[in-house]
Novice: 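Sharing a structure below in structure tokens format, with a few things to ask.
All residue numbers in this chain count up from 1 along the given sequence. Note that ligands are numbered from 1 as they come in the structure, with each ligand's atoms numbered from 1 the same way. Computed from a predicted model, the values in this text were never measured in an experiment.
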Amino acid sequence: MKYVIVGGVAGGATAAARLRRLDENCEIVMFEKGEHISYANCGLPYYIGDTITEKKNLLLQTPVSFGNRYDVDVRVRSEVTAIHPESKTVSVRNLINNKEYQETYDKLVLSPGANPIVPSLPGIASPRIFTLRNVQDTERIKEYVSAVYSKLKKVVVVGAGFIGLEMVENLKKTGFHVSLVEKAPQVMTTVDAPIAAMVQKQLKEQQVEVMLQTEATSFESKEDRIVVSLSNGQQIEADFVILSIGVRPNTTLAKDAGLRIGDAGGIWVNEYLQTSNMDIYALGDAIEFPHPLSKISYCCYLAGPANRQARICADNIVLGNKEKYRGSITTAIAKVFDLTVGSAGLSEHYLQKNNIPYLTSITHPFSHATYYPGAKQMSIKINFAPESGQLLGAQIVGMEGVDKRLDMMASVMSRGGSVYELADIEHAYAPPYSSAKDPVAYAGYVAENILTHRVVPMQWDELQSILSKQGWQDEYFLLDVRSAMEVKNGMIEGAVNYPVDELREFVDDIPEDKKIIIYCAVGLRGYIASRILVQSGFEQVYNLSGGYKTYQLMMN
Ligand code: FAD
């Protein structure tokens with residue numbers, strides 16, 4: 001058998017290695033149009049920021065070492081320009097001598113990745129505008145980071161997604177003043193506003209200029225700098241620009257060969273990762289696949305799923321279609337200066353857009369027992385189905401222990417599990433690592449209380465809308481149950497303070513004919529207070545989700 005692979009990085013190289021491990025007698029040819037194969041694209045921003053100092057550490061394999069270990073005919077600087085499914089051949093251009101030739105295959109694997117989106121704006125062709133996708137892009141950016149090309153030490157990053165934010169941090173680390181321009185009203189549109197607000201706060205603390213709801217409209221190169229014009233009328237002079245507004249699946253080859261392209265714009269594959277042609281498989285950033293939770297097809301641009309797909313794809317090619325790909329819930333994580341922020345599953349924005357009913361809750365637990373030094377507060381937001389409690393989305397931001405909590409939630413979510421299961425996860429506990437009630441269990445308990453109507457949550461934006469109406473006090477009573485000391489540092493205007501521990505004494509002073517909105521610092525004491533009032537006969541009692549911490553953050 002002869003297997004031909006297009007693309008030699010995350011998906012392509014993994015598929016090649018697995019194919020060889022399963023079939024020692026086959027012929028494998030891997031084409032890569034770039035110079036490098038099997039490199040760590042996820043590490044590229046950290047090489048620019050000098051956290052990773054040696055380029056060789058990013059190059060996990062060279063074409064020679066990979067070829068030797070796996071007996072693969074690795075052809076770099078070789079671009080596959082066409083697929084001819086009828087003759088089972090591909091056309092290949094040798095990018096060194098520009099000669100074109102044909103190569104036959106029995107089975108073809110497409111892992112051509114995605115291309116950065118570059119909008120057609122005036123001045124976009126400037127050599128001072130960079131996208132970051134591969135080692136070559138990284139080297140070009142790194143040259144500009146050096147003092148030779150950068151006089152102002154200023155950079156504009158357009159797009160506040162995961163890669164944009166990683167670049168912000170790394171460029172800041174090398175001494176640049178960074179302006180971050182984002183079209184949406186928040187950074188990281190894959191997370192919900194209260195989580196994004198924590199990231200925005202951190203960016204400001206790190207002296208990053210964050211410009212939301214702002215678009216770059218044109219670029220003008222001026223001698224040794226570039227001027228970026230923005231939709232708000234402002235102009236920023238910078239040494240260079242990083243454009244990270246997203247990627248699109250690389251489907252040209254597949255489209256030209258008549259392979260089916262799906263609704264989300266990626267190469268269509270079945271559950272065995274086979275395209276509409278049975279001898280051609282595809283994987284990685286270039287494909288689309290139904291989301292396991294919403295069943296709506298989408299393109300997932302993550303390394304873990306690409307690696308998983310590569311293994312499944314190779315297994316199915318060699319052993320017959322037996323292994324099914326289940327899809328990815330897009331579990332992603334990023335470091336943004338002192339914070340770690342991550343998400344899995346569906347955001348509120350996505351749920352609303354697709355008319356999927358959901359409930360949401362925000363908690364702010366500590367990374368480990370607070371009596372053991374160094375505990376750090378994190379914020380967890382979960383979205384879940386109103387009836388079944390199925391976990392639909394989880395987002396966490398914090399300084400410590402975010403990754404393991406996100407992984408715990410992702411593992412429940414990817415199995416179609418519910419919030420009830422979060423409380424059931426057995427976790428490793430000793431005071432330096434967690435609490436007897438882990439943050440994940442805690443989020444589960446809160447959701448369970450909501451689902452069983454032991455507490456009715458109110459979200460920060462619902463409260464905001466109530467308080468913006470004239471005469472809201474006629475209908476509502478806003479109750480702050482924090483301590484007098486906490487209240488001294490600020491409270492929501494119009495609230496009455498009865499600390500939770502004294503609340504039973506003041507029950508008679510609370511109007512029975514009004515809806516009671518309770519808040520504390522993060523939601524726990526609010527829940528206790530709401531239980532006191534409900535059991536004292538109050539019928540319409542709400543607890544502010546995420547408490548004053550979330551509300552105050554969102555109002556600033
Ligand atoms: P790639 O790894 O991009 O490989 C595709 C290859 O195909 C490219 O090298 C391309 O040159 C080659 N190719 C395309 N067309 C042809 C052709 N016609 N002929 C020959 N060769 C061709 N994911 C995470 O999960 N976590 C992270 O932290 C993370 N960080 C990232 C940081 C950066 C800067 C980038 C760029 C990506 C990051 N990703 C991360 C995403 C992850 O790298 C991708 O999801 C993954 O590499 C996809 O694998 P792939 O094989 O589909 O595509």
Novice: Find all atoms of ligand 1 within a distance of less than 4.0 Å from any non-hydrogen atom belonging to Tyr301, and give their numbers and elements.
Specialist: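 Those qualifying, in numeric order: 41 (C), 45 (O).
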Novice: Give the residue and atom name of whichever protein heavy atom lies nearest to atom 17 (C) of ligand 1, and the separation in Å to one decimal.
Specialist: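 Going atom by atom, the protein heavy atom closest to atom 17 (C) of ligand 1 ends up being Val6 CG1, 3.6 Å.
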Novice: Using a 3.5 Å cut-off on N or O atoms only, is Gly34 in polar contact with ligand 1?
Specialist: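 N/O-N/O distance below 3.5 Å does not exist for this pair.
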Novice: To the nearest 0.1 Å, how far is atom 6 (C) of ligand 1 from its closest protein heavy atom, and which atom is that?
Specialist: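 I find the closest protein heavy atom is Glu32 OE1, 3.5 Å.
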Novice: Around atom 3 (O) of ligand 1, find the nearest protein heavy atom and jot down its residue, atom name and distance.
Specialist: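 Of the protein heavy atoms, Arg133 NH2, 3.3 Å lies nearest.
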Novice: Side-chain donor-acceptor pair under 3.5 Å between Lys173 and Thr51, yes or no?
Specialist: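 Judged by distance alone, the side chains do pair up.
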Novice: State whether a side-chain donor-acceptor pair under 3.5 Å links Asp438 with Tyr433.
Specialist: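 No, no side-chain donor-acceptor contact under 3.5 Å.
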Novice: Give the residue and atom name of whichever protein heavy atom lies nearest to atom 4 (O) of ligand 1, and the separation in Å to one decimal.
Specialist: Val9 CB, 3.5 Å
Novice: Have a look at Thr330 and tell me which of Ser347, Ser343, Cys300 forms a side chain to side chain contact (heavy atoms under 4.5 Å, CB included) with it.
Specialist: Cys300
Novice: Can you name the nearest heavy-atom pair linking Asp285 to Leu302, along with the distance?
Specialist: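 Closest pair (atom of Asp285, atom of Leu302, distance): OD1-N, 3.7 Å.
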Novice: Number the atoms of ligand 1 from 1 as they appear, then name those within less than 4.0 Å of a heavy atom of Pro112, with their elements.
Specialist: 5 (C), 7 (O), 14 (C), 15 (N)
Novice: Out of Cys42, Gly164, Ala286, Ser91, who gets a non-hydrogen atom closest to atom 29 (C) of ligand 1?
Specialist: Cys42
Novice: Between Ala114 and ligand 1, does any nitrogen or oxygen pair lie at a separation below 3.5 Å?
Specialist: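 No; every N/O pair is 3.5 Å or more apart.
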Novice: If you measure every N or O of Ala10 against every N or O of ligand 1, does any of those distances drop under 3.5 Å?
Specialist: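 Yes - when backbone and side-chain N and O of Ala10 are compared with those of ligand 1, one distance drops under 3.5 Å.
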Novice: Side chains of Ser434 and His368: donor-acceptor distance under 3.5 Å anywhere?
Specialist: no
Novice: I need the nearest protein heavy-atom contact for atom 7 (O) of ligand 1: residue, atom name and distance, please.
Specialist: Gly7 CA, 3.2 Å
Novice: Can you list the atoms of ligand 1 that are under 4.0 Å from a heavy atom of Leu132?
Specialist: 34 (C), 36 (C)
Novice: Find all atoms of ligand 1 within a distance of less than 4.0 Å from any non-hydrogen atom belonging to Leu253, and give their numbers and elements.
Specialist: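 Ligand 1 atoms under the 4.0 Å threshold to Leu253: 18 (N).
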Novice: Between the side chains of Asp192 and Asn383, is a donor N or O closer than 3.5 angstrom to an acceptor N or O?
Specialist: yes
Novice: Measure from the ring center of Tyr144 to the ring center of Phe130 and say whether it is less than 6.0 Å.
Specialist: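 Tyr144 vs Phe130: aromatic centres under 6.0 Å.
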Novice: Would Asp285 count as a polar contact of ligand 1, with the cut-off being nitrogen or oxygen pairs under 3.5 Å?
Specialist: yes
Novice: Please verify whether a non-hydrogen atom of Ser78 lies at under 4.0 Å from ligand 1.
Specialist: yes
Novice: Tell me whether the guanidinium CZ or amine NZ of Lys142 lies under 6.0 angstrom from the six-membered ring centre of Tyr47 and within 45° of its axis.
Specialist: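 Satisfied, under 6.0 Å and within 45°.
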Novice: Go through ligand 1 atom by atom and flag the ones less than 4.0 Å from a non-hydrogen atom of Gly113.
Specialist: 5 (C), 52 (O), 53 (O)
Novice: Decide whether Ser126 and Ser221 meet the rule of one side-chain donor and one side-chain acceptor closer than 3.5 Å.
Specialist: yes
Novice: Can you spot which of Tyr272, Tyr281, Phe289 makes a ring pair (Phe, Tyr, Trp, His ring centres under 6.0 Å) with Tyr325?
Specialist: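 For Tyr325, the ring pair (Phe, Tyr, Trp, His ring centres under 6.0 Å) check succeeds only for Phe289.
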Novice: If the cut-off is 4.0 Å to any non-hydrogen atom of Gly284, which atoms of ligand 1 fall inside it?
Specialist: 52 (O)
Novice: Answer with side chain, backbone, both or neither: which part of Ile163 has a heavy atom less than 4.0 angstrom from an atom of ligand 1?
Specialist: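 Side chain only; the backbone of Ile163 stays clear of ligand 1.
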Novice: Please report whether ligand 1 has a polar contact with Leu283, defined as an N or O pair separated by less than 3.5 Å (distance criterion only).
Specialist: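 No; the residue has no nitrogen or oxygen that sits under 3.5 Å from a nitrogen or oxygen of the ligand.
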Novice: Identify the protein heavy atom lying closest to atom 5 (C) of ligand 1, giving its residue, its atom name and the separation to 0.1 Å.
Specialist: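 Minimum-distance protein heavy atom for atom 5 (C) of ligand 1 reads Ser111 O, 3.3 Å.
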Novice: Atom 19 (N) of ligand 1: which of Val76, Val80, Thr81 has the nearest heavy atom?
Specialist: Val80
Novice: Is the closest N or O pair between Ala303 and ligand 1 shorter than 3.5 Å?
Specialist: yes
Novice: Is the gap between the ring centers of Phe240 and Phe176 under 6.0 Å?
Specialist: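 Yes, the ring of Phe240 comes within the 6.0 Å limit of the ring of Phe176, centre to centre.
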Novice: Begin from the C-alpha positions of Ile28 and Ile5 and carry the test side chain to side chain contact (heavy atoms under 4.5 Å, CB included) through to its verdict.
Specialist: CA-CA 8 Å; Ile28 306 172; Ile5 299 171; 4.0 Å; yes
Novice: Could you tell me whether Lys322 and Asp315 make a salt bridge, using a distance below 4.0 angstrom between a side-chain N and a carboxylate O?
Specialist: no
Novice: Should the pair Glu209-Lys204 be classified as a salt bridge under the 4.0 Å nitrogen-to-oxygen rule?
Specialist: no
Novice: Counting only heavy atoms, tell me which of Ile83, Val247, Asn41, Asn250 gets closest to atom 32 (C) of ligand 1.
Specialist: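 Selected option, by shortest heavy-atom distance: Asn41.
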Novice: Which residue holds the protein heavy atom closest to atom 20 (C) of ligand 1, what is that atom called, and what is the gap in Å?
Specialist: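 Going by distance alone, atom 20 (C) of ligand 1 is nearest to Lys33 N, 3.3 Å.
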Novice: Distance under 4.0 Å to a non-hydrogen atom of Gly11: what atoms of ligand 1 satisfy this?
Specialist: 49 (O), 50 (P), 51 (O)
Novice: Any salt bridge linking Asp403 with Arg405? Criterion: basic side-chain nitrogen under 4.0 Å from a carboxylate oxygen.
Specialist: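 Here Asp403 does not pair with Arg405 in a salt bridge, since their nearest N and O are not under 4.0 Å apart.
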